[in-house]
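Read the numbers this way: they start at 1 and go in the same order the structure lists the ligands and their atoms. In this chain, numbering begins with 1 at the start of the sequence shown.
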Amino acid sequence: MNKMGLEEYKGVFVFAQQVDNTLNGVAFELLGKGKELAKDLNTEVTAVLIGSDVKGLADQLAEYGADKVIVVDDPELKNYRTEPYAHALASVINEFKPEVMLVGATAIGRDLGPTVSARVATGLTADCTVLEIGDFPINPVGNQEQKHNQLLMTRPAFGGNTIATIACPDNRPQMATVRPGVMQKIAPIKGAKAEVIEFNPGFTPNNRYVEIMDIVKEVKNTANIMDAKILVSGGRGVGSKENFKLLEDLAEVLGGTVSCSRAVVENGWLPVDLQVGQTGKTVRPQIYFAIGISGAIQHVAGMEDSDLIIAINKDEDAPIFDVADYGLVGDLNKIVPALTKALKEEMAAK
Ligand SMILES: Cc1cc2nc3c(=O)[nH]c(=O)nc-3n(C[C@H](O)[C@H](O)[C@H](O)COP(=O)(O)OP(=O)(O)OC[C@H]3O[C@@H](n4cnc5c(N)ncnc54)[C@H](O)[C@@H]3O)c2cc1C
């Protein structure tokens with residue numbers, strides 16, 4: 001469908017997901033990215049905050065870069081439900097006409113984003129890993145018009161075997177979901193204030209307003225690897241569930257957390273919450289140890305932005321060494337305990 005008046009659509013909007021009055025980290029990450037995009041488009045970044053009694057969160061959004069915050073506050077929005085939230089966000093888009101709308105690819109965002117994009121008759125690119133402003137088509141094609149200042153949305157395609165860059169030149173807004181951990185938030189600007197705009201499109205419950213009977217919160221006892229500063233990550237080369245003890249010992253002396261490749265999850269050695277990669281978590285620790293991990297593209301996609309990567313592998317041609325800052329070629333069963341011992345002695349000497 002070709003809509004008229006694309007030029008009416010201005011500004012970069014970010015869905016600021018909150019649950020129980022706590023903002024999700026991805027909201028700040030999207031603001032960080034949104035600010036960059038807004039700069040290139042010479043426009044502002046606006047956070048869309050939807051919930052009940054959530055206005056107090058606007059200052060936090062300002063500190064992470066929001067120029068404006070549109071607040072849709074209504075008792076119907078207390079807990080996430082598809083219908084009232086989709087109505088809220090679609091109404092904001094119809095009223096304020098953003099050119100870009102970013103949503104976190106969380107459980108909520110994956111439900112909300114496509115529902116809203118269908119409602120406002122635009123496209124959505126899911127699970128983007130890179131977002132930038134540029135020309136589309138990227139290289140001129142025949143007599144096809146090349147449009148400028150388009151949102152170029154890059155994501156893995158065909159099961160992660162290639163990457164695709166997608167644009168949405170004929171419809172607005174250009175919508176994308178982005179997985180948590182992929183974009184970087186800015187260092188908060190203390191005391192920053194945003195213009196707060198209250199907007200309520202009115203909520204009339206209908207048969208699509210589901211009734212929530214009960215909310216059961218999952219209790220997890222696995223660590224959140226996305227927050228860890230040091231990750232000691234193991235792959236199939238570790239050999240067994242029991243042998244992960246070597247990695248746990250190393251993690252303990254370093255104050256780090258154990259994570260893993262998908263092969264480890266598939267073998268049932270560690271839970272999926274600890275998996276790094278395209279179908280796992282995207283991590284960005286200060287130090288990432290890749291131990292007995294070959295460095296498949298789907299694994300690397302989740303850890304390549306770590307500050308320092310140290311790989312231990314017995315195969316000197318393993319692709320992990322292409323992304324590693326330091327590489328140790330040898331048997332992890334010898335290297336890891338020796339490293340743990342040396343670090344322990346070092347710490348004891350201090
Ligand atoms: C659609 C799709 C999505 C995927 N998503 C993910 C994902 O999110 N995360 C992910 O990790 N993978 C993912 N994969 C799987 C990925 O392609 C690889 O199969 C996987 O990462 C391999 O895990 P690994 O490196 O632990 O095992 P392997 O590739 O088997 O590598 C084991 C490594 O250990 C080394 N080694 C063995 N013994 C020792 C020893 N004693 N000392 C030192 N080194 C040793 C070997 O030399 C080898 O390099 C995905 C695949 C597909 C198709």
Practice item. Could you walk me through whether Asp53 and Lys78 pass the salt bridge (charged side-chain N to carboxylate O under 4.0 Å, His left out) test, one step at a time? Key: CA-CA 8 Å; Asp53 280 328; Lys78 183 155 178 38; over 6 Å; no

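- Heavy-atom proximity to Gly280, at under 4.0 Å, picks out these atoms of ligand 1: 8 (O).
- At least one donor-acceptor pair under 3.5 Å links the side chain of Gln174 to the backbone N or O of Glu99.
- Ligand 1 places these atoms under 4.0 Å from at least one heavy atom of Gly235: 26 (O).
- Not close to ligand 1: Gly239, with no non-hydrogen atom less than 4.0 angstrom away.
- Centroid-to-centroid, the aromatic rings of Phe203 and Tyr209 stay 6.0 Å apart or farther.
- Close approach of ligand 1 to Gly330 (heavy-atom distance below 4.0 Å) involves ligand atoms 42 (N), 43 (C).
- If you check each of Arg262, Arg236, Gln275, Lys314 against atom 30 (O) of ligand 1, the one with the closest non-hydrogen atom is Arg236.
- Remark: ligand 1 atoms within the under-4.0 Å shell around heavy atoms of Asp331 are 40 (C), 41 (N), 42 (N).
- Counting heavy atoms only, Asn313 comes closest to atom 49 (O) of ligand 1 of the residues Asp315, Val329, Asn313.
- Of all heavy-atom pairs spanning Cys260 and Val265, the tightest one is SG-CG2, 3.8 Å.
- Looking at Ser259, Ala318, Ser261, it is Ser261 that brings a heavy atom closest to atom 23 (O) of ligand 1.
- With a 4.5 Å cut-off on side-chain heavy atoms, Pro201 and Val72 count as touching.
- In summary, the atoms of ligand 1 found under 4.0 Å from a heavy atom of Asn333, numbered by their order in the structure, are 41 (N).
- Considering each of Ile293, Val238, Ile297, Val276, the one bringing a non-hydrogen atom nearest atom 9 (N) of ligand 1 is Val276.
- For ligand 1 and Gly277, the ligand atoms under 4.0 Å from any heavy atom of the residue are 7 (C), 8 (O), 9 (N).
- Remark: ligand 1 and Ala296 share no N or O pair separated by less than 3.5 Å (distance only, no angle test).
- The main-chain N or O of Thr22 is never found under 3.5 Å from a side-chain atom of Asp20 such that the two would form a donor-acceptor pair.
- In this structure a side-chain-to-backbone donor-acceptor pair under 3.5 Å is missing from Glu44 to Ala38.
- Interface of Gln278 with ligand 1, defined as ligand atoms under 4.0 Å from a residue heavy atom, comprises 7 (C), 8 (O).
- Considering backbone and side-chain N/O of Val264, none are found under 3.5 Å from N/O of ligand 1.
- Close approach of ligand 1 to His299 is summarised as follows: ligand atoms under 4.0 Å from at least one heavy atom of the residue are 10 (C), 11 (O), 21 (O).
- By the 6.0 Å contact criterion, CD on Glu304 is enclosed, its count of non-hydrogen atoms from other residues, nucleotides or ligands being greater than 12.
- For Asn200 (side chain) and Asp73 (main-chain N/O), a donor-acceptor pair under 3.5 Å exists by modelled atom type.
- Checked against a 3.5 angstrom limit, the closest N/O atoms of Leu332 and ligand 1 fall inside it.
- In this structure, Phe136 shares a hydrophobic cluster with Ile138, Leu152, the cluster being traced through Ile, Leu, Val, Met, Phe, Trp and Tyr side chains under 4.5 angstrom apart.
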